[in-house]
Amino acid sequence: MTPTIGILGGGQLARMMALAGYPLGFNFVFFDPKETACAGQVGRLISADYDNEIAIEEFCQQVDLVTLDFENVPVDTLRNIAKKKPVFPSPDILAIAQDRLLEKQFCHSINVPTAEFEPINGLSELKFAAKKFGFSAILKTRRMGYDGKGQYLIKNEQDLTQIPGNLFEKDLILEQLVPFEREVSVIVARSQSGDIKTWPLCENKHKEGILTTTMVPAKPNDLDATAFEYAIKMAESLQYVGVMVIEFFQTKDQVLVNEFAPRVHNSGHWTIEGAHTSQFENHLRAGLDLPLGDTGMDGMAAMLNWIGAFPDQLHHLTDVGLYWHVYGKQPKPGRKIGHATLTAPDPQQLHDKILQLVNRLGVQL
Ligand code: AMP
């Protein structure tokens, strides 16, 4: 079997999917509005806007099935493609994942809890809801937000005056601030036949809304089983095909969904070297309805993101259990341009390895 898989979005996720699929004999074609999209360095890239029907037609003719590396691909584009080629995940799921309000309503419809929220239309609704949440809230755009973009912390009445007026032209949602003890994510793969696998729980740290590190497995906690239960319930209720990643807030006594990604995810990059099968390979296997690979791991893994710049010494460090990934993207402040994965047999050795690396590189996590 030598299927050609089309990927909408040609970023690092598409690139890592292809790098996982080539050893299995799969081919790839990427579609991205940016001519410089980094997946283009490892396969054919069609560069055009997502609403360019001629280019989408050309893309469809070259592929056997289609998936995405970016959840803000217009749903209409995916619906249009779905008339011609199988797509995974489905356009209906994409529509839910693109809208923080629909996403939360979906969770509640299957009794999976999220942070308290209110849809917001205008400043007076915002004032009312902010008061209701005791001025401990985050205002977010419902759509097109990622990595903390389009988010405003509201801690007092004064903060309301800092919101740019034109933000109210967008659909908004106010979320109560969750006093979480940690953030974790569950990576789930579900195949067309309904086979489901999850990887060990990931513990994630963010800085200014951007993921900086992931440690796996997360330190065991009584609530972990609940996070897995919710994640599987979500994947099954959606009849999901492929990898999806659910980000959770874990408080003292609750696990609340923050959001889900209808795709492979940054908190799953460690699976390339840290797990028996990577999230990228199982995403492809799921879409092709092949058996899913084992998602277990030996020991522990940590993933460190490189955001905006690379350590100069990158090519000089060759420690056992240290793996570099450079995405081929132009460095720019706030942009994810690569990551490193560290593996070790136990928590103490992993901790020592991270400290050593960080000290040698002179970086702060
Ligand atoms: P998001 O883009 O919604 O994933 O938000 C980025 C990061 O902001 C999250 O990973 C959290 O660290 C923080 N954050 C977002 N929403 C909330 C919330 N309701 N309560 C507490 N922290 C939040």
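Counting convention: from 1, in listed order, for ligands and their atoms alike.
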Discussion item. Between Arg263 and Asp69, does any side-chain N to carboxylate O distance fall below 4.0 Å?
Written reply: no
Response to the item:
Numbered in order shown, the ligand 1 atoms found under 4.0 Å of a heavy atom of Glu259 are 1 (P), 2 (O), 4 (O)
Fill in: Enumerated ligand 1 atoms positioned under 4.0 Å from heavy atoms of His206
10 (O)
Worksheet item: Just wondering, are more than 12 heavy atoms of other shown residues or ligands nearer than 6.0 Å to CZ in Phe128?
Response: no
Item to complete: Could you list the atoms of ligand 1 found under 4.0 angstrom from a heavy atom of Glu183?
Response: 9 (C), 10 (O), 11 (C), 12 (O)
Practice prompt. Would you mind listing which atoms of ligand 1 come within a distance below 4.0 Å of any non-hydrogen atom of Ile138?
Written response: 14 (N), 15 (C), 16 (N), 17 (C), 18 (C), 23 (C)
Worksheet entry | Check ion pair Arg360-Asp319 (N to O, under 4.0 angstrom) | yes
Fill in: Main-chain N/O of Leu256 paired to Thr114 side chain as donor or acceptor, under 3.5 Å
no
Discussion item. One residue to check: Asn204. Relative to ligand 1, which of side chain, backbone, both or neither has a non-hydrogen atom less than 4.0 Å away?
Written reply: neither
Worksheet item: Charged N to carboxylate O under 4.0 angstrom, Asp224 versus Arg182?
Response: yes
Discussion item. Given Lys140, Glu116, Gln151, Gln176, identify the one with the heavy atom nearest to atom 16 (N) of ligand 1.
Written reply: Lys140
Worksheet item: Should Arg44 and Glu58 count as an ion pair when the cut-off is N to O under 4.0 Å?
Response: yes
Worksheet item: Do Val178 and ligand 1 have an N or O pair less than 3.5 Å apart?
Response: yes
Worksheet item: Any idea which atoms of ligand 1 are less than 4.0 Å away from a heavy-atom of Leu177?
Response: 20 (N), 21 (C)
